[in-house]
Number of protein chains: 2
Amino acid sequence: MAADQEHVSRVEKRRRTEAAISDAARTQFAEVGFERTTIRSVASAAGVDPALVMQYFGSKDGLFAAVARQQKPHRRLLDATREGTPQAALDDLFEDLEDPVSRDALLALMRNCLTHEQAATVLRDDVMRHVHEAVASRIATPDAELRAALLGATLVGLSIGRYMLRIPGLAEASREDVERLLLPVLALLVEPAPQA
Amino acid sequence: MAADQEHVSRVEKRRRTEAAISDAARTQFAEVGFERTTIRSVASAAGVDPALVMQYFGSKDGLFAAVARQQKPHRRLLDATREGTPQAALDDLFEDLEDPVSRDALLALMRNCLTHEQAATVLRDDVMRHVHEAVASRIATPDAELRAALLGATLVGLSIGRYMLRIPGLAEASREDVERLLLPVLALLVEPAPQA
DNA sequence: GTCTATATCTTGATAGAC
DNA sequence: GTCTATCAAGATATAGAC
């Protein structure tokens, strides 16, 4: 039926417009941060009118919240054993950071977590909570919480250093080299009693 | 001589006014970031007129550059042996972070390094270069650069997680506990061949 | 030397034409 | 539903009075 088809295509068109806006916003929030991303610049990149962005997302904060929600779940880390935790953590992180969409969704959080409370809250209480629970639950020592937090902080430092600050020596290193050096380091954090 | 005395006290007064502005700017850049720090808010906190801030520092970027220059040198790290490098790095970092002045000078860099190119440049090419050179020069393997960069990234992750993101478990932990868990981790990064 | 007043720009958000 | 036009707020920076 023509009317039905037109209805579907209208909904579909709206969905695509929303996606175009969301895509442009994700990229800009990730690359230049929340403050320097403007409704106008997002609309321009998405090829729509600035007023449409407000219509769909309500406010700039609403737009950011929509991007912040697009995090990829860290499945390997949640299912790993204690011994497998370091490899699972790096696999999840690299998978995130090597796909442009999930990478920008994560970078949008990291880029703004020091200057935007909303980003800090989602990163700390949502994304990092996964790491924290997965690690802490597998260690039976009183300092399990600290170990988990240090592992999370190390991964944050790796992401920021490699992909954002672009520290010389780390930004150009291969994933294999990074894993080779970092796996034993993370293993030390999840192994409470490494007897000889 | 009265004229001389008046001259000295005028210079001294100017110096104190500059210091008051710089102190207020350092605190605000560290706590709320570059964008949300305004010339007006700095002047208000320092008890001076906003135009005076422009007069002394030229621009908001000039004011930030003055704060960014106030970094404390990391003497222990530069003088340490390879074995002493992890302890020296943590000693320098904690000494920095436990004194309000040097802490805010460093946090002003870290808080803004993801959204302000000037902050990123100073942090990467000035502050972290110390760590990099100290570590890389003491390791004789081809991956020395990467090891040094990973050590720097870990310290950045620690600082951000503990003092800025305030990750639960890490923010409240004692310095002793953090050192106990992190020293062997950093040692692993500077020890290329840990044979049994 | 210090400060008042303001020029100039940019932003998020809104109102209303079509 | 979409866009033009505009508002109100807040910023840096400057010009000139005192």
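Each chain gets a letter, A, B and so on, in the order its sequence line appears, and its residues count up from 1. Note that this is a predicted model, so its numbers are computed, not measured.
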### Task
Have a look at B/Tyr56 and say if it touches a base, only the backbone sugar-phosphate, or nothing, with a 4.0 Å heavy-atom cut-off.
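Sugar-phosphate contact only.
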### Query
Which part of the nucleic acid, if any, lies within reach of B/Ser41 when heavy atoms closer than 4.0 Å are counted: base, sugar-phosphate only, or nothing?
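Answer is nothing: B/Ser41 stays at 4.0 Å or more from every strand.
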Give the rounded distance in Å between these two atoms: [atom1] of [X] and [atom2] of [N].
X       : N      : atom1 : atom2 : answer
A/Lys13 : D/dT2  : NZ    : P     : 6 Å
B/Glu35 : C/dT11 : CD    : P     : 11 Å
B/Asp49 : D/dC18 : CG    : C1'   : 13 Å
A/Ile21 : D/dC3  : CD1   : P     : 10 Å
A/Glu18 : D/dG1  : CD    : P     : 12 Å
A/Gln55 : D/dT2  : CD    : C1'   : 8 Å
A/Ile39 : C/dA13 : CD1   : P     : 6 Å
B/Glu12 : C/dG1  : CD    : C1'   : 17 Å

#### Entry: 5′-ward residue of the pair A/Ala51/A/Arg36 relative to DNA chain C
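Whichever sits nearer the 5' end wins; that is A/Arg36.
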Return all side-chain donor-acceptor pairs below 3.5 angstrom for residues 152-167 of chain B, not counting sequence neighbours, or 'none' if the list is empty.
unit_1, atom_1, unit_2, atom_2, d
B/Thr154, OG1, B/Leu150, O, 2.7
B/Ser159, OG, B/Leu155, O, 2.9
B/Arg162, NH1, B/Leu170, O, 3.1
B/Arg162, NH1, B/Ala173, O, 3.0
B/Arg162, NH2, B/Ala173, O, 3.1

### Query
Would you say the side chain of A/Arg40 and the base of C/dG12 hold a donor-acceptor pair, judged only by whether the two atoms sit under 3.5 Å apart?
yes
### Query
How far does CG of B/Leu52 sit from CD1 of B/Ile39, to the nearest 0.5 angstrom?
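These two atoms lie 11.5 Å from each other.
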Validation row: [X], [Y] side chains within 4.5 angstrom (heavy atoms):
X        : Y        : answer
B/Val42  : B/Ile21  : yes
B/Asp143 : A/Asp177 : no
A/His74  : A/Val127 : yes

### Task
Start with the C-alpha gap between B/Glu35 and A/Thr115, add the side-chain angles, then the distance that decides, and say whether side chain to side chain donor-acceptor pair (under 3.5 Å) holds.
CA-CA 9 Å; B/Glu35 300 271 1; A/Thr115 44; over 6 Å; no
### Task
Look at the side chain of B/Thr38 and decide which nucleotide, out of D/dA11, C/dA13, D/dA13, has an atom nearest to it.
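My answer, after comparing the listed nucleotides, is D/dA11.
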### Query
From D/dA13, C/dT14, D/dC3, pick the nucleotide closest to the side chain of A/Leu52?
D/dC3
### Message
Per the salt bridge (charged side-chain N to carboxylate O under 4.0 Å, His left out) rule, what does the pair list look like for residues 85-98 of chain A, sequence neighbours excluded?
### Response
A/Lys72-A/Glu95, A/Arg76-A/Asp92, A/Arg76-A/Glu95, A/Asp91-A/Arg175, A/Glu98-A/Arg175
### Message
Can you work out whether A/Val48 or B/Gly58 has the more 5'-proximal nearest nucleotide on DNA chain D?
### Response
A/Val48
### Message
Near DNA chain C, counting only heavy atoms under 4.0 Å, which residues of residues 61-70 of chain A show up?
### Response
none
